[in-house]
There are 2 protein chains.
Amino acid sequence: MRVNSLTEENYLKALLALSVTSDEVSVNDLAKHLAIKMPTVTSMMKKLAAKRLVQYESYKPIKLTKKGRQEAAGIVRKHRLTEMFLVDKMGFGWEQVHDIAEQIEHIKSPAFFDKMDELLGFPTLDPHGSPIPDKTGKIEWKHYEKLSDCKPGDKVTLSAVLNSSSDFLKFLNSRDLKLGVNLKIDSIEPFDKTITISIGKRKEVLSNLVCEKLLVEKVT
Amino acid sequence: MRVNSLTEENYLKALLALSVTSDEVSVNDLAKHLAIKMPTVTSMMKKLAAKRLVQYESYKPIKLTKKGRQEAAGIVRKHRLTEMFLVDKMGFGWEQVHDIAEQIEHIKSPAFFDKMDELLGFPTLDPHGSPIPDKTGKIEWKHYEKLSDCKPGDKVTLSAVLNSSSDFLKFLNSRDLKLGVNLKIDSIEPFDKTITISIGKRKEVLSNLVCEKLLVEKVT
DNA sequence: TTATAAAGTTAGATTGATCTAACAAATTTT
DNA sequence: AAAATTTGTTAGATCAATCTAACTTTATAA
Ligand SMILES: [Mn+2]
Ligand SMILES: [Mn+2]
Ligand SMILES: [Mn+2]
Ligand SMILES: [Mn+2]
């Protein structure tokens, strides 16, 4: 009843990720998110409930307990510190680091991650603009909005991405869309919500699917 | 039949470690080294034999195949590169890195270790003086000898340690025994082979148990 | 060279993580 | 409200990695 397995850690992380919207998570959501079958989730929920990491009763939605949320935040903290370290200290591109961090987040060594933290100067954001949870498990998102919710004429700064897959980030690289670039929304196609933006004098056309994954901050 | 599990990797590494002396390894040795029971070893040997990583027949000693030796060297390479990175690039002490490297050696990401290698300038020795296997799996030990095999009057340089446990290395730290220090053997107690050495004008008394774990190079 | 001890194997159980098939509950549609 | 669909659970199987108990082979000692 002491340390969590890699598998358990992945369930906790999934629960935390799925909680951002609804706080309560269904067996089905979890099964889909982890690409496993529902009965597997059911039995793991019983185990995690016994460890007081989740609240679980048959046929009712699942909630992380405080303890569960903290453990999950700890994993995410390790993941994001790692990504930051890989980019800032080792010279990887932001599109290369997620998969490595998925593995390193399970390393058991507070000293290792404390050292990363220190060498990085105690960062609060990861290379994708996501907040790095603090040691108490607090996760503070800035008040960003989705590019897909902006209006024509809005001037914004690209501040975070909601998808860290290599494919998506390579796409952004190919258009020189990095965190911090300033964009102006020129127009939105009513039919499919495709957005045309200006970056300096360059223009780009971005599908709604892409814009939903881009978080921006209004500039005055 | 593609990728090896963490458990399999640990068996291969153990086999390689035990092969330094005898090339052939017994079920018993392996069981002791891994702190598991013999039947567990037997069944794993069948699995590794099926994967052509070891040569195994009932009641006969076990040998790594060429493929097995290469895989094992790959893990050791990752282990030692990691230790070097932790010490040289992250500021850990040589007594802190073995346990972290035991975990990181199982990370699946050639790019990650290639980057370490590059940032370190392609080192050939780890922080404990052990050779870092090259990418082809070749491991080249310098011609060191054990301090316990030296004679009174010998002048030597401490070049490697055969035990990377935190306790042992903390003991060496407490006596300022780092790799590269020059020692002179003053005398050897015939009864228990305890050795008295001089380091500059300082004198230390080292038990045979300690001296067997210290590899030195004669200086002229 | 027989007896004893050590080393090794086989058989069967356990635990964790997963699956499929069958059934049950809850939700949505009609 | 009944039917259909979706969601969730139970039961039982599988696979990897481990164990213990019982047995066999090999090595060592008397
Ligand atoms: Mn990530
Ligand atoms: Mn990230
Ligand atoms: Mn080591
Ligand atoms: Mn080492």
Side-chain angles (χ1 to χ4, degrees), chain A residues 1-15 18-19 21-64 68 71-72 75 102-103 105-106 108, chain B residues 1-15 18-19 21-64 68 71-72 75 102-103 105-106 108:
Chain A
M1 192 87 152
R2 201 51 263 307
V3 73
N4 305 310
S5 71
L6 180 148
T7 309
E8 290 168 336
E9 290 187 346
N10 282 336
Y11 277 88
L12 292 174
K13 208 169 47 125
L15 248 349
L18 293 170
S19 298
T21 33
S22 49
D23 182 59
E24 294 183 332
V25 178
S26 71
V27 169
N28 207 265
D29 289 347
L30 208 38
K32 278 178 184 145
H33 191 261
L34 294 170
I36 57 182
K37 304 299 177 182
M38 284 197 292
T40 312
V41 172
T42 298
S43 62
M44 182 56 85
M45 287 311 105
K46 289 175 180 170
K47 195 196 299 189
L48 294 183
K51 291 176 100 172
R52 310 252 168 238
L53 294 165
V54 303
Q55 239 177 271
Y56 167 74
E57 286 170 280
S58 286
Y59 296 107
K60 298 231 200 95
I62 302 153
K63 288 184 66 171
L64 281 170
E71 301 265 342
I75 317 295
E102 282 292 305
Q103 300 180 65
E105 68 189 6
H106 301 290
K108 260 77 174 178
Chain B
M1 192 83 151
R2 198 54 262 306
V3 72
N4 304 311
S5 70
L6 179 149
T7 309
E8 290 168 336
E9 290 187 347
N10 282 336
Y11 278 89
L12 293 174
K13 208 169 48 125
L15 249 347
L18 293 169
S19 297
T21 32
S22 50
D23 183 58
E24 293 184 335
V25 178
S26 72
V27 170
N28 208 265
D29 290 347
L30 207 39
K32 278 178 183 145
H33 191 255
L34 294 170
I36 58 182
K37 306 297 177 183
M38 284 197 292
T40 313
V41 172
T42 300
S43 62
M44 182 57 85
M45 287 312 104
K46 289 175 181 170
K47 196 197 299 190
L48 294 182
K51 292 175 99 172
R52 311 249 167 243
L53 294 166
V54 304
Q55 240 178 270
Y56 168 74
E57 286 170 281
S58 286
Y59 298 104
K60 297 232 201 93
I62 303 153
K63 287 184 66 170
L64 280 171
E71 301 265 342
I75 317 293
E102 282 291 305
Q103 301 179 63
E105 68 190 5
H106 302 290
K108 260 75 174 178

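We name chains A, B, ... by the order of the sequence lines, and we start the count at 1 in each one.
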What is the distance, rounded to the nearest whole Å, between atom [atom1] of [X] and atom [atom2] of [N]?
X: B/K51; N: D/dA16; atom1: NZ; atom2: P; answer: 10 Å
X: B/L6; N: D/dC15; atom1: CG; atom2: C1'; answer: 17 Å
X: B/L30; N: D/dT18; atom1: CG; atom2: C1'; answer: 14 Å
X: A/I36; N: C/dG16; atom1: CD1; atom2: P; answer: 16 Å
X: B/L34; N: D/dT18; atom1: CG; atom2: P; answer: 8 Å
X: A/M44; N: C/dG16; atom1: CE; atom2: P; answer: 10 Å
X: A/E8; N: C/dT18; atom1: CD; atom2: P; answer: 10 Å

Exercise. Report the residues that fulfil salt bridge (Lys or Arg N to Asp or Glu O under 4.0 Å) with A/K63, sequence neighbours left out, ordered by chain and then residue number.
Key: A/D23
Quiz item: Hey, does B/T7 reach any base, or is it just sugar-phosphate, or nothing, if we go heavy atoms under 4.0 Å?
Solution: sugar-phosphate
Quiz prompt | CD on A/E8 to NE2 on A/H106, rounded to 0.5 Å | solution =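 Nearest 0.5 Å value for the NE2-CD distance: 11.5 Å.
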Quiz item: Are OP1 or OP2 of C/dT18 and a side-chain N or O of A/Y11 less than 4.0 angstrom apart?
Solution: yes
Quiz prompt | Counterpart residues, side-chain contact (heavy atoms from CB on, under 4.5 Å), relative to A/S22 (two or more places apart) | solution =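 Listed in chain order: nothing, the list is empty.
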Would you indicate whether the side-chain heavy atoms of [Y] and [X] approach each other to under 4.5 Å?
X: B/N10; Y: B/E105; answer: yes
X: B/N4; Y: B/K51; answer: yes
X: B/T7; Y: B/M44; answer: yes

Quiz item: How would nucleotides 7-15 of chain C be written as a contact map, 5' to 3', with B for base contact, S for sugar-phosphate-only contact and - for no contact, using protein heavy atoms under 4.0 Å?
Solution: SBBB-----
